[in-house]
Amino acid sequence: MQKISKSRLYELFDAVAAKQDLYIPTDREEGAAEYKKYESGMKLTKELNTVRSAKDFFFPQTENLAEFRLEGKNIEVKDIREECDDFVIFGVRACDAKSFTILDKVFLCEPVDSFYKNRRDHGTVITMACTRPAETCFCKTFGIDPTVPGGDVSCFDDGENIFFLANTEKGEKFVESISAFLEDGDTDKLMEVQTRAREIMGKLPLANLSTGNFGGDKLNEYFNSDKWAELSEACIGCGTCTFVCPTCQCYDIKDFNTGHGIKRFRCWDSCMYSDFTKMAHGNPRLTQLERFRQRFMHKLVYFPANNDGEFGCVGCGRCLAKCPISMNIVKVMKALEAK
Amino acid sequence: MNKNLKEQVLRSSGVNVLKCMRCGKCSATCPSYDEMEYHPHQFVYMVEKGDIETLMKSESIYKCLTCFACVDRCPRGVEPARVVEAVRLAAVRQQGGNRLEPSDIPALLDEDLPQQAIVTAMRKYAK
Amino acid sequence: MQEAMIKRAKELLADGSVDRVIGWKRGEFAYDITPAVFTSAEELDRDFVCDDFTAANVSKYLVKETQKEGKVLAFLKPCDTYSFNQLVKEHRIDREKVYVIGIEGGPKLDIEKIRAKGITGILGVRNEDYTLKIETIYGTQTMPFYEAVLGKCASCKSKKHVVFDELIGEDGDVLDSNRFEMVEKLENMTAQERFDFWRDQLSKCIRCNACRNVCPACTCENCVFDNPKSGIDNKAPADSFEENMFHIIRAFHVAGRCTDCGECSRVCPQHIPLHLLNRKFIKDINELYGEYQAGADTTSRAPLTDYNKDDCEPSIVHERGVE
Amino acid sequence: MQVNENFEPVIVAFCCNWCSYAGADLSGTNRLNYPTNVKIIRVPCSCRVNPMFILRAFQKGADGVIICGCHPGDCHYTSGNYFTRRRITLLYSMLDFLGIERDRTRLEWVSAAEGAKFAATMQQFTEDVKALGPNRRLEDLRCRKQ
Amino acid sequence: MQRIGVFVCHCGTNIAATVDVKAVAEALGHEPGVVISQEYQYMCSESGQELVKNAIKEQKLTGVVICSCSPRMHENTFRKAAASAGLNPYLVEIANIREQCSWIHKDIATATEKAIILGRTAVAKVHLNTPLTSMESPVVKRALVIGGGIAGIQTALDIAEAGFDVDIVEKNPTIGGKMAQIDKTFPTLDCAACILTPKMVEASQNERITIHSFSEVADVKGFVGNFTVKIKKKARFVDETKCTGCGLCTEKCPMKKVPNEFNMGLDNRSAIYIPFAQAVPKVATIDPNYCMMMKSGKCGVCSKVCSAGAIDYKQQDTFIEQQYGAIVVATGFNPIKLDKYDEFAYNQCPDVVTSLELERLMNAAGPNGGTLLRPSDKSHPHTIVFVQCVGSRCDDEKGKPYCSKICCMYTAKHAMLIREKYPDTEVYVFYIDVRTPGKNFDEFYRRAVEQYNVHYIKGMVGKVTPKSDGKIDVQASDLLAGEQLHINADMVVLAAAIEPDKTARPLATMLTTQMDTNDFFTEAHPKLRPVESATAGIFLSGACQGPKDIPETVAQASAAAAKAIGLLCKNSITCNPCVAHSDELMCNGCSSCEKVCPYGAITYVDKEFRMPDRSTKVRRVASVNPAVCQGCGACTVACPSGAMDLSGFSNSQIMAEVDAICK
């Protein structure tokens, strides 16, 4: 495998950033990392993962869709779509990398979401294998091996070097473009690191969490479960879980009057909100119980039902860390399973 | 203030200076304004205050043409020209002499002198 | 204390004084505690917890709980009693339906502060004489207790319970807190520095509404930001303006009503110091209109629904602080 | 800072119907000039002015917002302007806290008899806002005029 | 879809000279929703209104925007026009392009641009206007007159004459006011008491008039047609119903060293007193600050001598509450304090007096029984100097910026009376201007000069110096003579400026009426509504609105009465429909709005609701009484949930205006 010494990594970043936008996870403040456009001097975070997921790159929180210009009584519709520039995201974890394939299932099936596709086509995802998982990690539950992350290019850290492995055509092109920095490397140490990481994975508190009791065929079993009332009782109906989630993909479309025209944009929405999918007659999900159930049933039952058994969760653990009242998919799964 | 003088002037002029409301129209209309040290409205006011001697000493009493414009135009019927005349008379009486002899007059005549001025001069300056 | 609380709750449930108990339920880990309603002794024994991580203010849940039949027992920390009182004052909680047991307050711990030390894989946290022994997958780590204390507890304003039916433990006093320090620091910055500070902070906002939804003062039936009829509804920080707008209006709406319970900053996933906005209003109100503590009683007139004929003019803004 | 000579600020003035709006009318009756930048919105009382309106004005492109009401004690509704004074003081203080320029906002008491004061106030306020330049700290980029 | 009509008024050249009205009409015609946009010479004229009415009918308009003068001027005109054409009057909005545009701007291009923006703003608002219907509210057929001077008395008499009950609240023990203290009246010189006291008696005997003397207004609630007033009857320690006014107590009272306010403190009265012989009600009052019984408990003479048993040392203030349909303010005036004018030596020299003091000195019921004597040595003054404009027309904080209006005339009166009664007295009047507009006024003044030989000197007195020989040196300027004068005077009379009574300011706050910076009540319109305040149902009578002499005061008093009668005649009045209303589904019942409502218009009700989640819930929600609400909007901002909104000035309307301006 080709590698670069960690001491030369930022040199590589400088070179990449000179040609296209490069995003890396960096510390915004102590204990809180975020993806930022790379500039010389910026350092990679030591945190396992970013607070917000990497889905923003392809599915940003707000995105303009169209513009209407008003001139007196006339309305002119403006198509504002344009090709975006190529960009590279470095340091994506296996869970987030997997989330892209889940989002793809939503946005790239017919009718294709051209805004999403545009970004997806132009973005190169470079992942980074995990070595120090946290107690909140449960990607293994969803069949993800964090030591072998996906993306266009997978990177591995053996402590001294970063190894590059291209997974896709786009990835190969990228590795090719940085070949000047790379040299062949010995992967013995890397194997060691990987083995150790897998061992830790096995010892994580959520290591035994399984999707065995969930899937597309469990609708009747869980929909009317009396557990929902207790589980949703404390939910304050905020959107934290949805907004930090790498796989939540619901959005609302709104118009904004700028005074000289209308900007039609979409923005993330949350099924936890009381006005989610509000229609002329009102909201189909009347109580927080129903809204709460929707979110977890979607991830554990409806999504797999419509996507060949694929679950709508990647086990990144962000909702476990961030929910104001510490209610999360793990607690839901465990409660539902318990007979 | 000389009360006797004031009474004399008021009597000989027959003017009620209290009627004056200090509008200044008399002075505004006076053709001799620039020639006069004290102007018609001041005559009225100073007479009211009894300050006659100051007026008597002033050349102003001889500058009035007695054209009666002030009399004609006074909104209160005060007749300032008569006041001026009365002060002049008081001065003449005190001095006991003429300012001009009638024989001096022809030498002072010129083309532009109005007829009325000649007549009033006769009246004013002769005994 | 936890045992005493469970014991008392069981008694009150048993003798029919209350029908439900609101408290905290243990989670998967040491720290992920969820507010919960308990209806039986078994549930209490199994799940009830009150420890260094039970920071959540449960008073807002009582809005919903008191609309139900029966009486509910609420365990309230000193700071929670202020929120409770304020909600009673605003007719949001039916005082008759709540049995309040005052319990000792914090300081409670902030798991994020422990994580910020680079400690990960946390399996357990023990307080040993104000040193935290943190058990992790990667071995045991230690850190001083006070470095892990929640922001809201570090600047605690009062250990006094302003309302209770009974107390477990001692009642404390109103404290001389340092809570306005950061507000003052900001006030002494230049306008540009303040602008930069807040732009940096508020640009992190993802409009998850956690601050609003956890806030005991935000109990509106329908928030203006969710209500298209209000004309200012919005769902996302589509522009930096929207970030400012949301937080200014939210702070304004709770001005004079905010008890400074600190929940907004505690739950913010982006660590925005939102409490500073509320504290700015509290500080201004104290300085301009006389000391006022929302929730301290249920009868006083709130500063924004009151006035004095000789109140200062807005030009005072020009006379104070730094331009 | 570079001052743009040609910068014409948009200024929204909220005037209470009973005093300040009448004061504005009086400055018109007396032909007292003040800049065209100022556009007046009539409200029944200064206490009708919701902070939302002020922020909304800045969002939609205003460079300055001024609220005018009856002098304290003269409120047509007895106490409206006293509430205004507290609300607006706190709001302005908050805007200042957020680093928004102080001179972009103002509250002034103008009676129905103070046409001259109204004109002078508007003149001064327009100049102050002009000196600050366009509103950038509290603007909505989407609304910026191209 | 809205169908909006825009009508741009030229107002002759008032608008058209600086605003290109055609361009405005043209531009507004392109606004969304506008189906017709016209301009016309005078929109407010018959034919202009016809234009609007026809357009409403022909174009089936749903909203009308008039670009014209201030809505304070013609909003009602156009609302009425719209209503007569079948359009709800509240679907009309006015864009003020005259007072707030054409009259203040000179450049046609910028003024036109602004006019278009103002028009566009009105169009944006009218899009969101909703039809509003006025409520009817009943009128209480009773009036309150605050102040029992000649203004209050005249107003009360006129209202009573029309058949309505009327109460007078007078803060002093007797009605009569300033006029009772005046000796003679100009320009006829008849005695004030002779013409005033019959009116006082008439008022006291009229069965429709109730006089609350020694009383004050403590609180006012409500609104036009339905005021609730709390009147504080101050304890006078004498039972009004028992006292016969015999005056024995005042004679026997041992405490006789109380400065007599009726005589401006120039002599003394007893601690129990009747202000003057013709007082109405003729009832004694005990001054607790001087009464020995009240202060030390040792005396009780009055109680012993009173055969009616009217004395009650334990009497307390009492409050009565009464409903009124209309309130007339007649709080009158006072001369200003002259403490700050050291130059006139008012505080140093007793022979420097104010004109009102001179009235008392000359009055037969005054301290000297009508003989003019110097207060210092009771000698007859031979030279008297009057100084005009003392404190009037002063642009500093010592005085008042306005002309007190009555001084010129009463000074002429004083000078004339003195010269008539004491021809050996020289009288000088120093004036800045002599202002005598009024029937027979200038003739009166000329009589003083011409007939009575009063020395009017144009110029002010600069310094008044009391001398050791008891004379007073008056240093003044004679501007016409251009000299400085020194007059060796015996008395100096200062024509002190007059100012509104101090009770007027708190009263204005209670009544929610406006005052100018000088504390005179502001009339609804200086020309067209001179006796009404801007607050409906509150009328202004006499000097509380501005300096006035007696004939003017009486004229205004009757005019105010006529306005009040006009209101009381109605069985109900139409309420302003622009009031607050609460969206009950959004209301939290938090009581914030209730706390800021100055009218107590908001109450809370427990109501059952079908919630959005289809459950039913009993919730506490705010409810606004539209008849009581005056539409200030304080509640709308106090409400955090935005449940409270104001019709006619709704959140969405104001924000639409903001948007249109900022566009």
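Small disclaimer: the values here were computed from a predicted structure and weren't measured. By convention in this document, chain letters (A, B, ...) are assigned in the order of the sequence lines, proteins followed by strands, and residues within each chain are numbered from 1.
- For E:Thr522, no part sits under 4.5 Å from any heavy atom of chain D, backbone or side chain.
- Neither the backbone nor the side chain of E:Thr121 comes within less than 4.5 Å of any heavy atom of chain D.
- With a 4.5 Å cut-off on side-chain heavy atoms, E:Cys662 and D:Phe58 do not count as touching.
- Proximity to chain E is limited to the side chain of D:Val10, based on heavy atoms less than 4.5 angstrom apart.
- Only the side chain of D:Glu114 comes within less than 4.5 Å of a heavy atom of chain E; its backbone N, CA, C and O stay farther away.
- Residue D:Asp63: no heavy atom, backbone or side chain, is found under 4.5 Å from chain E.
- Here the side chains of D:Arg87 and E:Val596 are in contact, with some heavy-atom distance below 4.5 Å.
- With a threshold of 4.5 angstrom between heavy atoms, D:Arg42 approaches chain E through its backbone and through its side chain.
- The part of E:Asn14 that comes within reach of chain D is its side chain, from C-beta onward, which places non-hydrogen atoms under 4.5 angstrom from that chain.
- The two residues D:Lys39 and E:Ile117 make their nearest non-hydrogen contact at CE-CD1, 3.7 Å.
- Using a 4.5 Å cut-off between heavy atoms, D:Val49 touches chain E through its backbone atoms (N, CA, C, O) alone.
- Under a 3.5 Å cut-off, the side chain of E:His105 and the backbone N or O of D:Tyr34 do form a donor-acceptor pair.
- In this structure, chain E has heavy atoms under 4.5 Å from both the backbone and the side chain of D:Ala22.
- Residues E:Cys632 and D:Cys45 come closest through the heavy atom pair O-CB, 3.5 Å.
- Heavy atoms closer than 4.5 Å to chain D are found in the side chain of E:Arg505, but not in its backbone.
- Using a 4.0 Å cut-off between charged nitrogen and carboxylate oxygen, E:Glu657 and D:Arg56 do not count as a salt-bridge pair.
- Comparing E:Thr513, E:Thr509, E:Asp516, E:Val637 by how many heavy-atom pairs each has under 4.5 Å with chain D, the most go to E:Val637.
- There is no contact between E:Lys125 and chain D, counting heavy-atom distances below 4.5 Å.
- Contact of D:Ser111 with chain E is not made at all, since no heavy-atom distance falls under 4.5 Å.
- Between D:Ile41 and E:Ile661, the shortest heavy-atom distance links the atoms CG1-CD1, 3.5 Å.
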Take E:Lys663 and D:Lys60, measure what side chain to side chain contact (heavy atoms under 4.5 Å, CB included) needs, and give me the verdict at the end.
CA-CA 7 Å; E:Lys663 207 161 157 177; D:Lys60 295 297 176 109; over 6 Å; no

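- Here the shortest heavy-atom pairing between E:Gln630 and D:Tyr77 reads O-CE2, 3.4 Å.
- Using a 4.0 Å cut-off between a side-chain N of Lys or Arg and a carboxylate O of Asp or Glu, D:Arg48 and E:Asp645 qualify as a salt bridge.
- When all heavy atoms of E:Leu646 and D:Pro44 are compared, the pair lying nearest together is CD2-CG, 3.5 Å.
- Both the backbone and the side chain of E:Ala634 come within contact range of chain D, each with at least one heavy atom under 4.5 Å from a heavy atom of that chain.
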E:Ile654 vs D:Phe14, side chain to side chain contact (heavy atoms under 4.5 Å, CB included): CA-CA, chis, key distance, verdict
CA-CA 10 Å; E:Ile654 296 175; D:Phe14 291 98; 3.8 Å; yes

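- Residues E:Asn651 and D:Asn50 bring no donor and acceptor atom of their side chains to less than 3.5 Å of each other.
- Of all the heavy atoms in D:Ser27 and E:Ile104, the pair that sits closest is O-CG2, 3.8 Å.
- The side-chain heavy atoms of E:Asn96 and D:Asp25, taken from C-beta on, include a pair separated by under 4.5 Å.
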